[in-house]
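Predicted, not measured: the structure shown is a model, and the values here were computed from it.
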Amino acid sequence: MKTPGFWYRPRATPAAWLLAPAGVVYDAASRLRRAWVTPQRASVPVVCIGNLVAGGAGKTPVALALGRRLGEIGISAHFLSRGHGGSLAGPVRVDPERHSAAEVGDEPLLLARAAPAWVSRDRPAGARAAAAAGARLILMDDGFQNPSLAKDLSLLVVDGGSGFGNGLILPAGPLRERPADGLKRADALVVMGPDRAGIAALAARHGLPALGARLVPSPEDVARLRGRKVLAFAGIGRPEKVFATLAELGAEIVTRIPFPDHHAYTPDEVMRLVETAQERGAVPVTTEKDLVRLPPEARAMVQALRVELVWDDPAAVDAVLEPVVRRAGL
């Protein structure tokens with residue numbers, strides 16, 4: 001589904017209030033599940049990169065950045081994902097040369113380029129498979145609300161601009177659970193981009209570190225796209241963030257086309273995008289997550305905007321990771 005516009009309006013709209021009772025039911029069911037399920041503990045430390053809203057916060061870039069940092073200090077970390085949108089239940093180790101997004105989901109394909117990545121709807125089973133294959137630490141992309149696997153460290157990723165949207169629970173708003181509940185189980189917050197929503201102050205009130213971070217386009221892409229006409233399209237939680245990044249780096253966006261999150265592109269759709277771009281003298285540009293969901297034969301016709309997460313204070317990140325790094329190094 002596309003992210004409803006009313007989720008991120010300052011005040012709740014009639015549609016939000018109409019859906020609010022369903023949000024109460026959703027919240028109650030989630031609380032009940034967390035209360036009844038006894039988490040299983042893995043044989044290696046588990047770091048969860050989660051969020052409190054549905055989509056668009058930047059969990060996967062954070063997971064990739066943490067994977068790079070752990071690799072630099074000699075910790076063999078494996079990624080673990082549910083594989084949203086994929087057909088394989090797992091546990092299965094993702095092979096980008098063999099698996100498609102339809103099988104394992106789009107995020108695991110990106111993660112597997114950086115380090116071993118596993119897809120498993122049964123998170124404890126996935127953790128056991130990763131540990132048996134040599135993982136010294138598991139980076140779980142999403143799963144903060146899943147109580148089946150015990151977490152040794154939980155990081156909540158929050159967009160500094162949009163925060164928690166209208167503050168209502170799904171489907172009335174973007175929240176998966178109430179912030180007051182989620183913050184009790186978190187160890188730190190990752191604030192993505194400028195903190196216009198006061199997330200760092202909220203973290204301080206709960207005694208949690210706030211780790212500032214931002215997504216930076218690759219220098220090569222900045223040089224390649226600055227001043228060029230582009231047809232921008234994206235099927236992620238909040239496509240407007242991609243469009244804003246392209247505008248900021250100096251691209252001239254002639255058309256913006258949002259698709260639903262995790263959208264599976266058909267060959268006909270891609271051809272229409274390419275033909276429209278050609279008619280307007282533009283180049284079609286999307287995200288790396290979208291690129292892996294394009295038909296393989298169509299990917300060469302589309303350019304992907306590559307971004308990398310940069311920490312405001314890398315030393316603060318190391319300090320948060322230190323307890324699990326110490327355990328993983330034993």
Side-chain angles (χ1 to χ4, degrees), residues 42-51 57-81 93-97 106-119 126-127 129-144 149-158 160 186-193 200 203 208-222 245 287-289 292 304-330:
S43 61
V44 298
V46 174
V47 176
C48 176
I49 301 98
N51 65 6
K59 298 183 301 298
T60 299
V62 171
L64 287 167
L66 293 177
R68 283 194 300 271
R69 181 57 185 147
L70 290 167
E72 290 170 356
I73 59 178
I75 301 295
S76 176
H78 287 206
F79 296 111
L80 175 61
S81 171
R93 182 166 173 171
V94 178
D95 181 352
E97 300 300 319
D106 46 16
E107 290 105 338
L109 287 174
L110 298 181
L111 296 170
R113 297 175 183 174
W118 297 81
V119 160
R136 299 297 299 274
L137 184 147
I138 291 169
L139 290 170
M140 187 163 64
D141 185 8
D142 209 355
F144 182 73
L149 181 63
K151 291 93 171 169
D152 296 274
L153 182 72
S154 290
L155 307 180
L156 286 180
V157 184
V158 186
D187 297 292
L189 271 63
V190 178
V191 185
M192 297 291 289
L208 299 173
L211 308 173
R214 62 192 186 280
L215 293 177
V216 179
S218 72
E220 296 81 6
D221 285 357
V222 172
T245 299
T287 71
E288 290 187 290
K289 276 181 63 175
V292 299
L305 176 65
R306 296 164 295 174
V307 295
E308 183 172 308
L309 184 137
V310 176
W311 299 106
D312 292 347
D313 185 356
V317 179
D318 286 348
V320 168
L321 291 174
E322 195 272 336
V324 292
V325 166
R326 185 171 63 248
R327 181 183 162 198
L330 294 178

Positive for side chain to side chain contact (heavy atoms under 4.5 Å, CB included) with Val119, one of Leu111, Val94, Leu80: Val94

Grab the two heavy atoms, one from [X] and one from [Y], that are nearest each other, plus how far apart they are.
X: Gly134; Y: Ser76; result: O-OG, 3.8 Å
X: Arg93; Y: Pro116; result: NH2-CG, 3.4 Å
X: Ala65; Y: Trp311; result: CB-NE1, 3.9 Å
X: Ala114; Y: Phe79; result: CB-CE1, 4.3 Å
X: Ala135; Y: Val44; result: O-CG1, 3.4 Å
X: Glu107; Y: Asp141; result: CB-OD2, 3.9 Å

Output the distance between atom [atom1] ([X]) and atom [atom2] ([Y]), rounded to the nearest 0.5 Å.
X: Cys48; Y: Asp142; atom1: SG; atom2: CG; result: 7.0 Å
X: Leu139; Y: Ile49; atom1: CG; atom2: CD1; result: 4.5 Å
X: Glu308; Y: Arg214; atom1: CD; atom2: CZ; result: 11.0 Å
X: Ile75; Y: Arg69; atom1: CD1; atom2: CZ; result: 10.5 Å
X: Leu153; Y: Asp187; atom1: CG; atom2: CG; result: 4.5 Å
X: Met192; Y: Leu309; atom1: CE; atom2: CG; result: 5.0 Å

Report the residues that fulfil side-chain hydrogen bond (donor to acceptor under 3.5 Å, both in side chains) with Glu97, sequence neighbours left out, ordered by chain and then residue number. none

Kindly say whether [Y] contributes a backbone atom to a donor-acceptor pair with the side chain of [X] at under 3.5 angstrom?
X: Asp152; Y: Val46; result: yes
X: Arg136; Y: Ala328; result: yes
X: Asp221; Y: Arg306; result: yes

Taking the basic N atoms (NZ, or NE/NH1/NH2) and the acidic carboxylate oxygens, is any pair closer than 4.0 Å for Arg68 and Glu72? no

Does the side chain of [X] reach to within under 4.5 Å of the side chain of [Y], using non-hydrogen atoms?
X: Val292; Y: Arg113; value: yes
X: Leu66; Y: Val317; value: yes
X: Leu110; Y: Asp106; value: no

Does the pair Leu215 and Thr245 meet the rule for a side-chain contact (heavy atoms from CB on, under 4.5 Å), with working shown? CA-CA 9 Å; Leu215 293 177; Thr245 299; over 6 Å; no

